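Since the structure comes first, as structure tokens, the remarks are kept for the end.
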Protein chains: 2
Amino acid sequence: MATHHYQECLKLVPIFKSLSEADLTTIAAVIHPQQLKRGTILYQAEAEANTLYIVDAGQVKIYQLAANGREQLLRLLNPGDFDGEYALFTAAETHRSFAETVTAATVCEIRREDFQKLLLQYPQLSLRILSVLAARVQQLEQQTTRVTTETVETRLALYLLDTADAAKTDTLKLPMKKKDLATYLGTTPETISRKLSSFEAAGYIEQLPQKRIKIRDRDGLLFVS
Amino acid sequence: MATHHYQECLKLVPIFKSLSEADLTTIAAVIHPQQLKRGTILYQAEAEANTLYIVDAGQVKIYQLAANGREQLLRLLNPGDFDGEYALFTAAETHRSFAETVTAATVCEIRREDFQKLLLQYPQLSLRILSVLAARVQQLEQQTTRVTTETVETRLALYLLDTADAAKTDTLKLPMKKKDLATYLGTTPETISRKLSSFEAAGYIEQLPQKRIKIRDRDGLLFVS
DNA sequence: TCAAAACATTGATTTTGATCAAGTTTTGCT
DNA sequence: AGCAAAACTTGATCAAAATCAATGTTTTGA
């Protein structure tokens with residue numbers, strides 16, 4: 001069984017990469033996989049944080065709720081992504097955000113005590129996580145800067161370009177509902193609709209069925225502003 | 001000399017806390033202190049990142065510049081704070097932000113190679129930095145959420161309350177120019193002026209000379225919006 | 001497969017907060 | 001201490017995008 005879990009979860013996760021087979025088997029023993037259906041809450045704000053979550057299949061969204069009830073999508077976890085690590089270093093830490101499955105999903109869990117043992121046992125692991133956290137800090141800094149300094153139009157254009165680049169294609173598929181994209185970009189679904197239409201009218205993109213978007217004029221998008 | 005540097009910089013830095021005197025002396029040997037005058041750029045976006053900076057005295061601001069030239073203040077470093085660590089794990093990383101002294105300052109520098117040796121030598125160090133980075137991720141997530149979901153008025157009110165709480169006083173001193181506070185909160189100096197005046201008119205705060213603000217009605221501030 | 005629910009679009013209106021401009025005060029350098 | 005430069009304030013105007021509302025279109029789960 002343990003070997004099976006390791007197949008499912010560990011192979012996917014960059015931070016565990018290049019550990020030996022034997023090590024992976026050890027780690028697999030402390031991993032608990034869960035089958036979850038769409039809409040399942042993995043954790044809530046204020047709850048005690050004592051588990052690392054690794055997504056094996058499906059999609060999980062991490063978001064915060066503002067005092068006024070508005071939702072802010074912080075990140076989408078895809079297979080191989082993980083979350084909760086920030087809570088594992090200091091005891092008695094609570095979550096600030098929510099984690100909820102967007103589709104049916106398989107999620108592997110590692111409990112704090114087990115994970116802390118792993119950290120001591122495999123010091124390279126700390127360095128891997130450091131580098132992942134450092135990347136996330138940079139990503140969040142960019143996000144904050146864009147939200148406060150660029151217009152919605154520019155943010156959307158940059159998002160489309162980034163997403164297309166990441167997929168190395170010019171026909172990208174929006175990885176989430178426009179409602180969620182709106183909270184991610186700090187705007188509303190209505191504004192997204194309108195801006196996409198105006199990009200299309202300007203000949204920068206073409207909107208295809210099923211959330212697919214074809215980029216026709218990169219430079220046009222780049223210089224909206 | 002080295003012992004002197006250690007006095008100046010190391011004692012202040014939480015991540016080095018609880019290391020032995022001998023260890024601190026070792027570390028002190030690789031630390032290079034710099035006397036800098038106000039307005040000095042420590043690093044710029046695009047430049048290669050190969051140094052960890054520890055602030056010994058004075059204040060340093062970390063900010064990004066948007067394509068349209070607008071500035072986004074990301075964080076203010078006070079004595080004991082450090083920056084640049086994200087760049088130390090992967091080689092050939094470049095800066096995305098700018099670091100500039102706001103006042104005359106003393107800044108200690110540790111070069112990448114030296115720092116990497118320290119990480120190997122003192123594994124606890126990685127864990128400390130992990131916890132600092134995790135805290136920064138949480139702080140940035142909150143920042144992003146607030147900027148996208150709350151009004152300027154609410155953000156400013158929350159900032160005042162947070163700052164007062166941190167200082168455990170109800171007469172806080174704004175730690176930066178309003179111009180910088182404006183970019184931090186994602187607004188303009190004009191709007192800050194106006195909102196502070198309206199808070200004062202409503203009896204929530206009292207504006208005192210020298211950037212000091214007395215909070216008169218916490219609940220009033222809390223329920224603006 | 002179908003109906004209900006969730007999601008998306010389009011239009012009209014309103015609001016927040018940015019911008020521009022012109023004074024006033026504060027700061028910091030010699 | 002004195003003075004130039006930077007920072008701040010206040011007012012008038014404008015623009016971007018949110019909100020409200022009504023309709024159309026996908027999704028999804030029974």
Side-chain angles (χ1 to χ4, degrees), chain A residues 37-40 58-59 61 66 68-73 100-105 146-157 173-201 207-213 224-225, chain B residues 37-40 58-59 61 66 68-73 100-105 146-157 173-201 207-213 224-225:
Chain A
K37 60 179 189 180
R38 179 189 143 87
T40 306
Q59 203 176 43
K61 69 174 177 180
N68 53 26
R70 287 168 75 129
E71 188 177 312
Q72 165 69 41
L73 178 66
E100 179 182 336
T101 54
V102 177
T103 63
R146 283 188 180 175
V147 170
T148 55
T149 60
E150 315 281 9
T151 63
V152 169
E153 190 165 59
T154 306
R155 277 179 266 154
L156 178 57
K173 183 172 163 62
L174 294 180
M176 59 186 121
K177 285 174 277 189
K178 288 205 179 116
K179 195 184 129 194
D180 286 327
L181 180 58
T183 82
Y184 181 70
L185 294 177
T187 181
T188 59
E190 293 94 325
T191 300
I192 301 236
S193 269
R194 283 187 251 268
K195 294 301 180 190
L196 286 179
S197 299
S198 86
F199 288 167
E200 188 162 39
Q207 298 190 71
L208 306 171
Q210 292 188 313
K211 299 203 184 74
R212 301 185 79 81
I213 292 178
V224 285
S225 98
Chain B
K37 61 180 186 180
R38 180 187 139 86
T40 307
Q59 204 176 41
K61 68 174 176 180
N68 53 25
R70 287 168 77 130
E71 189 176 312
Q72 164 70 40
L73 177 65
E100 179 182 337
T101 56
V102 178
T103 62
R146 285 188 179 175
V147 169
T148 55
T149 61
E150 314 281 10
T151 63
V152 168
E153 190 165 59
T154 305
R155 277 179 266 156
L156 178 57
K173 183 172 162 63
L174 294 180
M176 59 185 120
K177 286 175 277 189
K178 289 209 178 113
K179 196 184 127 195
D180 287 328
L181 180 57
T183 81
Y184 181 69
L185 294 178
T187 180
T188 60
E190 291 94 326
T191 299
I192 301 238
S193 269
R194 283 187 250 268
K195 294 300 180 190
L196 285 179
S197 298
S198 85
F199 288 167
E200 189 162 39
Q207 298 191 72
L208 307 170
Q210 292 188 314
K211 297 204 184 74
R212 301 185 79 82
I213 291 178
V224 287
S225 105

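Here is how names work: the chains are called A, B, and so on, in the same order as the sequence lines, proteins then strands, and each is numbered from 1. It should be emphasised that the depicted structure is a prediction, and the values quoted were computed from it without experimental measurement. The figures here come from the full heavy-atom set of this structure, side chains too, leaving out hydrogens, waters and symmetry mates.
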A:L181 CG to C:dC7 P, in whole Å, measures 14 Å
Would you say A:N68's side chain and B:T149's backbone share a donor-acceptor pair under 3.5 angstrom? yes
With distance as the sole criterion, do the side chain of A:E190 and the base of C:dC7 form a donor-acceptor contact below 3.5 Å? no
Atom NZ of B:K37 and atom P of C:dT30: how far apart are they, to the nearest Å? 8 Å
Report yes if at least one side-chain N or O of A:K195 is closer than 4.0 Å to OP1 or OP2 of D:dA17; otherwise report no. yes
Within the structure, does a side-chain N or O atom of A:R38 lie under 4.0 Å from either OP1 or OP2 of D:dG29? yes
For the pair made of CZ in A:F199 and C1' in C:dT9, what is the distance, rounded to whole Å? 17 Å
Quick one, B:E200 with B:I213, criterion side-chain contact (heavy atoms from CB on, under 4.5 Å). Give me CA distance, side-chain angles, the key distance, then yes/no. CA-CA 10 Å; B:E200 189 162 39; B:I213 291 178; over 6 Å; no
One pair to check against side-chain contact (heavy atoms from CB on, under 4.5 Å): A:V102 and A:M176. What are the steps and the verdict? CA-CA 9 Å; A:V102 177; A:M176 59 186 121; over 6 Å; no
In whole Å, what is the span from the CD atom of A:Q210 to the P atom of D:dT28? 11 Å
Separation of atom CG in B:L174 from atom P in D:dC8, rounded to whole Å: 9 Å
Backbone N or O of A:K37 within a donor-acceptor pair of the A:T101 side chain at under 3.5 Å? yes
Of the listed nucleotides C:dT9, D:dT10, C:dA8, the one nearest the side chain of A:K211: C:dA8
Side-chain N or O of A:T188 closer than 4.0 Å to phosphate OP1/OP2 of D:dA18: yes
Can you tell me how far C1' of D:dA16 sits from CG of A:L185, to the nearest Å? 16 Å
Answer with base, sugar-phosphate or nothing: what part of the nucleic acid does A:R155 contact at a heavy-atom distance below 4.0 Å? nothing
Whole angstrom value for the distance that separates C1' of C:dT9 from NZ of A:K177: 17 Å
Return no unless some side-chain N or O of B:T187 is found under 4.0 Å from OP1 or OP2 of C:dG17. no
What is the distance, rounded to the nearest whole Å, between atom CD of B:E153 and atom C1' of C:dA18? 16 Å
Within the distance-only criterion (no hydrogens, no angle test), does the side chain of A:T103 pair as donor or acceptor with the backbone N or O of A:Q59 below 3.5 angstrom? yes
Any side-chain N or O of A:S197 under 4.0 Å from OP1/OP2 of C:dT9? no
Between the side chains of B:Q72 and A:T148, does any donor sit under 3.5 Å from an acceptor? yes
Examine distances only and state if a side-chain atom of B:R155 and a backbone atom of B:L185 form a donor-acceptor pair shorter than 3.5 Å. yes
Side chain of B:K173, backbone of B:Q210: donor and acceptor closer than 3.5 Å? yes
Of the options D:dA7, D:dT19, D:dT10, whose atoms approach the side-chain atoms of A:R194 most closely? D:dT19
Nearest to the side chain of A:K178 - D:dG29, C:dA8, C:dT27? C:dA8
Does a side-chain N or O from A:T191 land closer than 4.0 Å to OP1 or OP2 of D:dA17, or not? no
Considering only heavy side-chain atoms of A:R70, the closest of C:dG17, D:dA18, D:dT9 is D:dA18
Applying a 4.0 Å non-hydrogen cut-off, can you work out what A:G186 is touching in the nucleic acid: base, sugar-phosphate, or nothing? sugar-phosphate
Name the stems with DNA chain D in them: runs of three or more consecutive Watson-Crick or G-U pairs, distances under 3.5 Å? C:1-30 with D:1-30
From D:dT9, D:dT19, C:dA18, pick the nucleotide closest to the side chain of B:P189? D:dT9
